[in-house]
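Remarks on the structure that follows.
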2 protein chains.
Amino acid sequence: MSRTPLHPTREQIELPMVLDCLSDPIRLAIVYQLAQQERVSSELCCGDFNGLAGKSNLAYHFAKLRECGVMQTRVAGTNRFMRLRREDLDARFPGLLDAVIKSAARDAERLQLLPEGEVVAAD
Amino acid sequence: MSRTPLHPTREQIELPMVLDCLSDPIRLAIVYQLAQQERVSSELCCGDFNGLAGKSNLAYHFAKLRECGVMQTRVAGTNRFMRLRREDLDARFPGLLDAVIKSAARDAERLQLLPEGEVVAAD
DNA sequence: CCAATAGTTCAATAAACGTTGAACATAGGG
DNA sequence: CCCTATGTTCAACGTTTATTGAACTATTGG
């Protein structure tokens, strides 16, 4: 349980897999929160998403996001820190991630993107 | 079988549904071919996609693309003509469709986007 | 060393999905 | 009016998916 898990190389990232990842509401919320976090260039760990679903369900979605190349996991002690693979995604699919995040942000309430009554500063 | 089928309004189009639509290789290929056709501002009918899958399978995917608001179907005689709902999609999710189409175009071979050995002129 | 914390893995379940072929509906041409 | 071409609908199927709780692993702090 200790080694950092496997991630696909940039070239192995496939468009349909990424779109499928982003099409799930829970995974979209995870990605959205990771994107918010990019602004302060820091990472989030599993526990930060506990509002979205149960632990084992989250682990399932994390694995999918990892396997599809959407995010990266770094192991540190008992924590896993994750971040978007922004560079790789932008290189493979220019403009895609931004379009998805922006579209999601517009529909944030409808999509229940934030766990509790969290508020995000406007751009 | 004669009336033009139901389509969601622009506002009813949901991001996760659209992403899910585009995440299926056959549907992505359909959308890709429709996007190519936009250049000559004309439509395609069901038969034009026969290279991608069997008829009933295609009908299934067409229905999904319609229900999710990705494309529109117009009935004319024994034919159904379809086109992308470009304006609606661009209004709801700016830049998304273009990013997907462009990314798909880059990986056209890998994704087997064109039925037979078809060739598309470069941009 | 023990207990608590942080996550993963596994097995089980129900629902959704993609694919198939057969039957059906409709319109148009001889 | 029939025959054909074009698509849709339906039932069946096997597969994949998301979700759950329980068991497990690993690390840290006392």
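FYI, side chains are in, hydrogens and waters are out, and symmetry mates aren't considered; it's all heavy atoms of this structure. To find a chain, count down the sequence lines: A is the first, B the second, and so on, and within it residues start at 1.
Side chain to side chain, B:Gln72 and B:Arg85 fail the donor-acceptor criterion of an N or O pair below 3.5 Å.
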Output one line per pair: protein atom, nucleotide atom from nucleotides 10-12 of chain C, and distance, for all N/O pairs under 3.5 Å.
none

What N/O pairs connect the protein and nucleotides 14-17 of chain C at under 3.5 Å? Give each pair on its own line.
none

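Taking atom NZ of A:Lys55 as the reference point, atom C1' of D:dG21 lies 12 Å away to the nearest angstrom. Here the C1' atom of nucleotide C:dT9 and the CG atom of A:Leu6 are 16 Å apart, to the nearest Å.
At the heavy-atom level, B:Arg66 lies under 4.0 Å from the strands shown only through sugar-phosphate atoms. Among the atoms of the strands shown, only primed sugar atoms or phosphate atoms (P, OP1, OP2) are found under 4.0 Å from some heavy atom of B:Gly77. Using a 4.0 Å heavy-atom criterion, one finds that A:Asn57 contacts the bases of the nucleic acid, with or without backbone contacts as well.
When each of A:Thr78 and A:Leu58 is assigned the nucleotide of DNA chain D bearing its nearest heavy atom, the one mapping closer to the 5' terminus is A:Leu58.
Taking all atoms of both residues into account, the shortest heavy-atom contact from A:Glu11 to A:Arg92 is OE2-CD, 3.9 Å. Residues B:Leu34 and B:Met82 approach most closely at CD2-O, 3.6 Å, considering heavy atoms.
Contact check on A:Arg86 versus A:Glu38 returns a salt bridge, with a Lys/Arg side-chain nitrogen under 4.0 Å from an Asp/Glu carboxylate oxygen. The existence of a salt bridge linking A:Lys102 and A:Asp98 is excluded, since no basic side-chain nitrogen approaches an acidic carboxylate oxygen closer than 4.0 Å.
The side chain of B:Asn79 contributes no N or O atom lying less than 4.0 Å from OP1 or OP2 of C:dA27. A sub-4.0 Å separation between OP1 or OP2 of D:dT17 and a side-chain N or O of A:His61 is absent.
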